[in-house]
Every structure is written in C-alpha cells, then in structure tokens.
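Heads up, the thing below is written out as structure tokens.
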Amino acid sequence: TDQKSWGAGLQWTLPQRIADHGNQLIIGASVDAGDTRFRQQSQPATFGADRATVGTGDYADETDVATTNRYLGAFIADTLALADPWALSLAARYNHARIRIADRSGSAPRLDGEHAFARFVPAVGINFKP
C-alpha cells in the first residue's frame, strides 16, 4: 500500500463589541487530500508435513486499485456574551467530500467509481460559565 496525504486550514478570528457586549466571530476553511494505491497478490500453496506452506505456482495479482480523496470545509461561528455568565453561540459548517476509486488491473472495472458527499451543519448553543 502506498499513501500520500496533506491538509491545510485557515482561520480568522475577530473579537469585537456589539451593543456593549463582547462578541467573537470566527471564519475558516480547510482542505484535506489523500491518495492511496493498494495491491494484493496470491499464490497457490500446499501445507508441508511441518504445517508450513509451500508455494506451488506463481504469484498472481488479485487487486490493484487507486483512490483519491478530497475534502473541503468552510465554517463560521459567532459567540455573543449576553449577560455574565451567559453567552449565545451560532455556528455553521459546510463539508464536501469527493472520493474516486479506479481499478488499475483492468480485470475488475466494477471497482471504478466516483462518490461525493456534501452536508451543511448548523448549530445553536447557550453557554453558561459559572
């Protein structure tokens, strides 16, 4: 198996005051990627008297597949201090994933495919700091 991956993120934080209340706005994005190559071989064999295996033929490719994964995300979060010790948080994140699978052996084209997933996730919270 061969693997390569990388990722990067960027976040901007803006503390400010709104109507004489503390407020913190956070905006950001992330990118992650990976590539994997997987190969599997098999060889016919028999058991010897000592239960060890003895190869009886050549190795044959069983699987040879490559995948690429790409993940993108963007988020925003805002926290407003209401009255000590309470704060209101609003947040949202958008995720998008794309995965490609490719048969490299030419003998298993049913492995080929491209799949995508996207989701928007909102959140609301009340925070209490005793």
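Sequence positions, counted from 1, serve as the residue numbers for this chain.
- Among all heavy-atom pairs drawn from N127 and S89, the shortest one is ND2-OG, 2.7 Å.
- Salt bridge annotation for D84-K129: absent, with no cationic side-chain nitrogen under 4.0 angstrom from a carboxylate oxygen.
- When all heavy atoms of S42 and E62 are compared, the closest pair comes out as OG-OE2, 2.6 Å.
- Partner of F38 under the side-chain contact (heavy atoms from CB on, under 4.5 Å) criterion, out of T67, V65, D2: V65 alone.
- With contacts defined as side-chain heavy-atom distances shorter than 4.5 Å, the pair F75/V121 does not qualify.
- Environment of CG in D50: crowded, with over 12 heavy atoms of neighbouring residues, nucleotides or ligands closer than 6.0 Å.
- Closest approach of R37 to A66, counting heavy atoms only: CD-CB, 3.9 Å.
- Minimum heavy-atom separation, G7 to D32: CA-OD1, 3.4 Å.
- Using a 4.5 Å cut-off between side-chain heavy atoms of Ile, Leu, Val, Met, Phe, Trp and Tyr, with links allowed through other members, F120 and I76 fall into different hydrophobic clusters.
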(message) side-chain contact (heavy atoms from CB on, under 4.5 Å) for F47 and T53? Distances and angles first, verdict last.
(response) CA-CA 5 Å; F47 288 107; T53 56; 3.8 Å; yes
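- Atom-to-atom distance recorded for R110:CZ and I101:CD1 is 14.0 Å, nearest 0.5 angstrom.
- No single ILVMFWY cluster, assembled from side-chain heavy atoms under 4.5 Å apart, contains both L80 and L14.
- A 6.0 Å sphere centred on CZ of R17 holds more than 12 heavy atoms belonging to other residues, nucleotides or ligands.
- Ionic pairing of D35 and R70 is present here: one or more N-O contacts between side-chain nitrogen and carboxylate oxygen are shorter than 4.0 angstrom.
- To the nearest 0.5 Å, atom CD1 of residue I26 and atom OG1 of residue T13 are 4.5 Å apart.
- Here the straight-line distance linking atom OG1 of T79 with atom CG of N23 works out to 7.5 Å at 0.5 Å rounding.
- Side-chain contact between Y71 and V31: absent, with no pair of heavy atoms (C-beta onward) separated by less than 4.5 Å.
- For H96 (side chain) and A118 (main-chain N/O), no donor-acceptor pair under 3.5 Å exists by modelled atom type.
- To the nearest 0.5 Å, atom CZ of residue R39 and atom OG of residue S105 are 11.0 Å apart.
- Around atom OH of Y59, no more than 12 heavy atoms belonging to other residues, nucleotides or ligands sit under 6.0 Å away.
- Criterion: ILVMFWY side-chain heavy atoms under 4.5 Å apart, direct or through other members. Under it, I126 and F128 are part of a common hydrophobic cluster.
- Residue W6 qualifies as enclosed at atom CH2: its count of foreign heavy atoms under 6.0 Å is above 12.
- Rounded to the nearest 0.5 Å, atoms CG (L72) and OH (Y94) are 8.5 Å apart.
- Of the possible donor and acceptor atoms, none in the side chain of D78 sits under 3.5 Å from a partner among the backbone N and O of L90.
- Panel note: side chain T56, backbone P44; a donor-acceptor pair is recorded below 3.5 Å.
- Rounding to the nearest 0.5 angstrom, the gap separating the CG atom in D112 from the CZ atom in R104 is 8.5 Å.
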